[in-house]
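Below is one structure; the comments refer to it alone.
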Amino acid sequence: MEYGLRKVSSHCSISEMDDYDLSKLLEKPRINIERKRSFDERSLSELSIGLVRGLDNYEPAYWPGGRSGLNSPASSARNSFEPHPMVADAWEALRRSLVFYRGQPVGTIAAYDHASEEILNYDQVFVRDFVPSALAFLMNGEPDIVKNFLLRTLQLQGWEKKIDRFKLGEGAMPASFKVLHDPVRKTDTLVADFGESAIGRVAPVDSGFWWIILLRAYTKSTGDLTLAETPECQKGMRLILTLCLSEGFDTFPTLLCADGCSMIDRRMGVYGYPIEIQALFFMALRCALALMKHDAEGKEFVERIVKRLHALSYHMRSYFWLDFQQLNDIYRYKTEEYSHTAVNKFNVMPDSIPEWVFEFMPTRGGFFVGNVSPARMDFRWFALGNCIAILSSLATPEQAAAIMDLIEERWEELVGEMPLKICYPAIENHEWRIVTGCDPKNTRWSYHNGGSWPVLLWLLTAACIKTGRPQIARRAIDLAESRLLKDGWPEYYDGKIGRYVGKQARKYQTWSIAGYLVAKMLLEDPSHLGMIALEEDKQMKPVIKRSSSWTC
Ligand code: GLC
C-alpha cells in the first residue's frame, strides 16, 4: 500500500512555519471527494471477501448526514428510509462541540456539559478524542476540519515542551489543546498540554500515533496526497518516529511506557508494555510506512520501520496471544529455565494466573493479553488494543476471528447492556489499593476500571466489518441506541454489565457522540473502513502455531 509520491515544493520547516505559511497549506486545492472511491478500490475488493459471510444479514443503516447532509457523498443515494432519530441529534451535538481558531474549525471539545460543576480539562480538544470526530467528518465529506487539526497540532509539536525544568522530546504531541479568545484584542491563542498540566503529569504516548493514523485516514479518504507529502508533515512523522524507534537497553521490540499514557490516563497498572500502546504503535508504523517519502531523510526511517514491524508482529503474535491451548500451556509451565532453550521465556509463574481467566477463556476464541514483561503477564482484556490489533492486521486473520469469537462468547461480560468494556475484569479490594493507589474514580466496574465506554463502539464496529461480522456491530449499536440519547451521551457507564450512567461521567461527551455516528456510517457504507483499516501485509509471516513458535 504505497502512494505514488510526488515532489511538492517546500517553503519552510515547521519551526519557521508561521500562520502565513500555514494558511497557504490550508488553501491548497482540495482533491474532489470522488477520488476517494478509486483510491479505495483495491482494499474494497479485498474487503468484500471478508464481508461475504457477514453481509448475508447485512442491512444498511440510514442517516441524513447532518446539516451538510445534502452533499454527503455516501448516503444521499440510499436514503430511502427514515434515519434513526438519534443521528440528527448526534450531528447537531457534534457540530456544537466545534472549536474555532482564527475563524476556522480546528477540533472538537471533549465534552459540552454545562451541568457539570467541574470543567477540569473537558473544554479542551484532546488529540485522541478528536479521532472519531475526524472520522465522522471525513465520512461525511468534510475533510477541511481534519486538515486544520492536523496542521495546528503539527505546529504545537514544534513548541519547546517542558515539565518543571525537564525538556520533553521534540516529537511529543500534546494530549490536548485549547483556544483562548481575547474579545478585547480580538485575538486567538493556542494553549497546549503535553502532560505538564495533566492530572498525574503523564505525557500521552498515543497522541503521536493517532496523529499519524489520522493523517493516513485523511489521505486515504480524500485522495489528497499533497498534505502528507509536505515537508512539515514528513518532518512531523520523523520526529514522532525518532521518539519510539530510538535504541536503548530494550530486549523487546515493544515500546516501554509509563502508566496512564494512553486513553487510560490514570494509574491502572497499565505500564511496561501495554497492549493499548503496542497495537497503536504497530498501526502508526504501518501508516507511516505508507506515507513516508523514500527521499534522503525518509529512506532510513523506512528501513527502520520495516525491521521494527517485523520484530514487533512476531513478538506480539507469539507472546501476547492467549487462547485455550496457550493458557493450558502456561498453566503447565516450568519456571527458572535458563538459556535460550527456555520454553517459559519470560519466567511467568503459573500461580500468577488469576482465577477468572480459567472461567473466562472459551474453548473457541482468544485475545491479546494486556501486558507481557519479565515474570509478569497482565491477563486482562483491553478493548482498544484488541480492536486496533484487528484493524491494523497486527492480528493474523485467525487471531482476528478468534477475538471476535471471544466477544460473541463473552457478550454478557464484554458488552452487557452498553458497549464496550474498556477492560475486563475490574480490579477490587487489595489489588485495587495496590494497583490504582486507592483511586476513588477508578473503583471496580467504573471509569477505567471495567467501565463501559460508548466511544469504543466505533472500534468494535470497524473490527466487526473487517472480520465480516457486521451483525455483531448491529447488535451493539442497537444497545447503544436504546440509551445513549436518553442518557445525554455519557462519557462512560458503570457496573458489571454497564447499566448505570458513570458516577462522574460527563454528559454530551463528544467522542461518545462521534463514535456512534462513525459506527452508523461504517455499517451503512463499509467502504469507509478503508480509511482506518490496513490489509494484512503478506510479507509479515504469520506465526504458525502458538506452541511451536514459543520454542523457536
Ligand atoms: C479522560 C479519559 C481520556 C480522555 C479525556 C477527555 O481523561 O480518560 O481518555 O481523553 O477524559 O475526554
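The basis for the numbers below is simple: all heavy atoms, side chains too, and nothing from hydrogens, waters or symmetry mates. Start at 1 and go down the list; that is how both ligands and their atoms are numbered. Here the structure is a predicted model, which means the values were calculated and not measured.
Ring geometry, W453 versus W511: the interplanar angle exceeds 60°, so the pair is classed perpendicular (tilted spans 30 to 60°).
Between L227 and C233 the shortest side-chain heavy-atom distance falls below 4.5 Å.
Contact residues of ligand 1 (protein heavy atom closer than 4.0 angstrom to a ligand atom; sorted by chain and number): A110, Y122, F126, R128, D129, M263, D265, Y447, H448, E491, Q509, W511.
You'll find the ring centres of F360 and Y424 inside the 6.0 Å limit. The aromatic ring centroids of W489 and Y516 lie less than 6.0 Å from each other.
Relative to the ring axis of F367, R410 does not place its NZ or CZ within 45° and under 6.0 Å from the centre. Figure legend: R475 and W411 shown as a cation-pi pair, the cationic atom lying under 6.0 angstrom from the six-membered ring centre and within 45 degrees of its axis.
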